[in-house]
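Have a look at the structure below, then the notes.
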Amino acid sequence: MNSRLSHATIATLPAGTELPRYDRRAVRPGIVHLGVGAFHRAHQAAYVDACLANGETHWGVVGVSLRSPDTRDALAPQDGLYTLAIRDSAGERLQVVGSILSLLVAPEDPAAVLAALTEPDIRIVTLTITEKAYLRAADGTLDESHPDIAHDLANPGSPKTAHGYLTEALARRRAAGTPPFTVLCCDNLPANGATLHRLLIEFARLRDARTVGTELSRQGDAELARYIADDVACPSSMVDRIVPATTDADRARVAATLGIEDAWPVMTEPFCQWVIEDRFPAGRPAWEKFGVAMVEDVRPFEDMKLRLLNGAHSGIAYLGLLSGHATVDRAFADPAIRQFVDRLWAEAIPTLPQDAGLDTTAYTAELAERFSNTALAHRTAQIANDGSQKLPQRIVASALARLEEGLLPEHLSLVVAAWIAACAARGSALPQRHFTDPLDAALNDLFSRNPATDEAVTAVFDLAGFAKAHPERQKLIEFVATHLVHFKQGGPKLAFAALGIGNEPPRLGG
Ligand code: CS2
């Protein structure tokens with residue numbers, strides 16, 4: 001196979017491959033996306049592709065990687081084109097997406113990223129940078145002690161963090177009299193837009209503090225925090241599409257179908273959902289024409305997704321790993337895990353807004369189907385990454401909500417215990433770096449001291465900031481510690497048995 005997907009070769013693709021239905025040369029950039037990984041390419045970039053095909057040609061995407069050059073290296077020789085492989089038991093549908101017009105690697109050229117962000121035509125900046133890149137301290141505020149924050153405050157013209165880029169770009173736009181862009185967070189954080197807005201304001205306040213009395217402040221750069229608070233819109237959004245990491249086998253299969261090579265096709269499922277708070281003072285694509293729900297309040301949808309989909313995902317990941325299941329569909333086919341997930345949903349559902357018209361029955365039925373998609377091979381180890389950043393909004397929030405109402409969080413708390421057990425199992429039952437977490441060094445240090453179980457759970461809660469200062473914190477710690485003892489003594493089997501899961505059904509008759 002010598003030929004590669006690109007403008008020059010796209011016409012040679014076999015019939016049945018969906019191609020961009022617009023002239024890419026006529027498309028102008030209107031969106032900068034930070035974090036141009038597989039999820040962005042399966043989700044927002046696909047929605048934008050539909051807008052472009054509908055004639056809204058001024059919303060092309062400039063993709064920015066904040067860390068690694070890998071996506072740019074794969075896509076630049078392909079003129080930004082890539083294949084989306086939409087997979088389920090019925091087979092695989094291939095769609096070539098053309099909405100990413102150019103790719104930048106921030107560490108290689110921060111000035112180019114800032115130049116893109118200050119272009120007046122850029123009216124929206126979307127982000128999928130993963131939970132940990134928001135650099136929140138254990139209490140949820142901006143982690144001022146993080147070296148990258150210190151770096152960005154000292155070097156505003158060559159930042160490393162999303163906060164540094166956005167704030168500097170907004171300062172430059174303000175100075176140039178260019179209206180601000182709208183910042184659209186697409187990560188799985190609770191109230192993601194409001195959370196990012198708050199972090200940006202905190203970061204800008206630190207910047208302001210450094211410029212007081214200097215030439216910059218005389219030029220009006222001070223009070224950037226107030227400008228961001230008053231003039232920059234950060235709507236929230238709920239994004240949903242399952243995107244397993246692409247494997248070499250996926251690459252080979254897609255190349256065999258296309259007849260040419262794509263260095264980085266993206267695997268995904270047919271399901272796709274986007275719910276966006278409709279607050280775009282600088283304009284937006286007509287997303288509502290392409291299945292996006294533009295709403296006033298995203299919160300109910302966000303909570304339902306984080307607590308039912310992502311919460312179950314984390315449960316399946318850690319319990320799956322501890323039970324020897326490498327993929328979500330295999331874990332979900334395990335009767336004990338399946339029963340556990342049903343009970344987890346039953347625990348989480350009463351914590352969701354009751355007056356928002358959410359149909360949790362239909363939602364969980366659809367989730368069960370999605371988790372059973374054997375064509376995805378979504379690895380449990382992939383979801384297991386960064387649990388300390390994910391569990392607060394997926395599991396701990398619902399557990400605390402139940403405790404506040406005097407209800408038990410027996411199944412929710414088991415997911416936290418399974419996370420701790422899976423972290424501790426690395427290096428013995430699981431490979432050392434089977435999955436990673438920003439807290440790995442601290443966790444390994446803790447485990448090596450062999451603390452008593454309740455001490456270990458308390459220390460983990462402290463490190464991860466779980467239930468910080470919450471009145472029900474101690475109760476939750478006790479639930480988690482009880483489960484963790486079971487994991488230690490008899491693995492998931494005993495932990496399930498203590499909840500009455502996995503017991504042989506009583507025999508009827510003789
Ligand atoms: C998963 C999510 O990796 C994970 O933690 O739970 O990436 C999940 O697949 C997406 O949020 C689905 O929209």
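Because the structure is a prediction, the values reported are computed rather than measured. Numbering of ligands and ligand atoms starts at 1, following listing order.
Ion pairing between a basic and an acidic side chain is recognised when a charged N comes within 4.0 Å of a carboxylate O; D437 and K390 show no such pairing. At a threshold of 4.0 Å, the pair R370-E366 does not count as salt-bridged, since none of the basic side-chain nitrogens sits closer than that to a carboxylate oxygen.
Residues satisfying the side-chain contact (heavy atoms from CB on, under 4.5 Å) test with P270, not counting sequence neighbours, are I86, D88, N373. Looking at residues two or more places apart in sequence or on another chain, you find a ring pair (Phe, Tyr, Trp, His ring centres under 6.0 Å) between H313 and F371, H378. For F461, the ring pair (Phe, Tyr, Trp, His ring centres under 6.0 Å) partners are F466, not counting sequence neighbours.
Closest approach of R307 and A397 over heavy atoms only: NH2-CB, 3.5 Å.
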Tabulate distances under 3.5 Å between N/O atoms of ligand 1 and N/O atoms of the protein, writing both atom names on each line.
from	atom 1	to	atom 2	distance (Å)
ligand 1	5 (O)	K390	NZ	2.8
ligand 1	5 (O)	R394	NH1	3.1
ligand 1	5 (O)	R394	NH2	2.9
ligand 1	6 (O)	N310	ND2	3.1
ligand 1	6 (O)	H313	ND1	2.8
ligand 1	6 (O)	R394	NH1	3.2
ligand 1	6 (O)	R394	NH2	3.4
ligand 1	11 (O)	N188	ND2	3.0
ligand 1	11 (O)	K305	NZ	2.6
ligand 1	11 (O)	N310	ND2	3.0
ligand 1	13 (O)	D240	OD1	2.6
ligand 1	13 (O)	R241	N	3.0
ligand 1	13 (O)	R241	O	3.4
ligand 1	13 (O)	K305	NZ	3.1

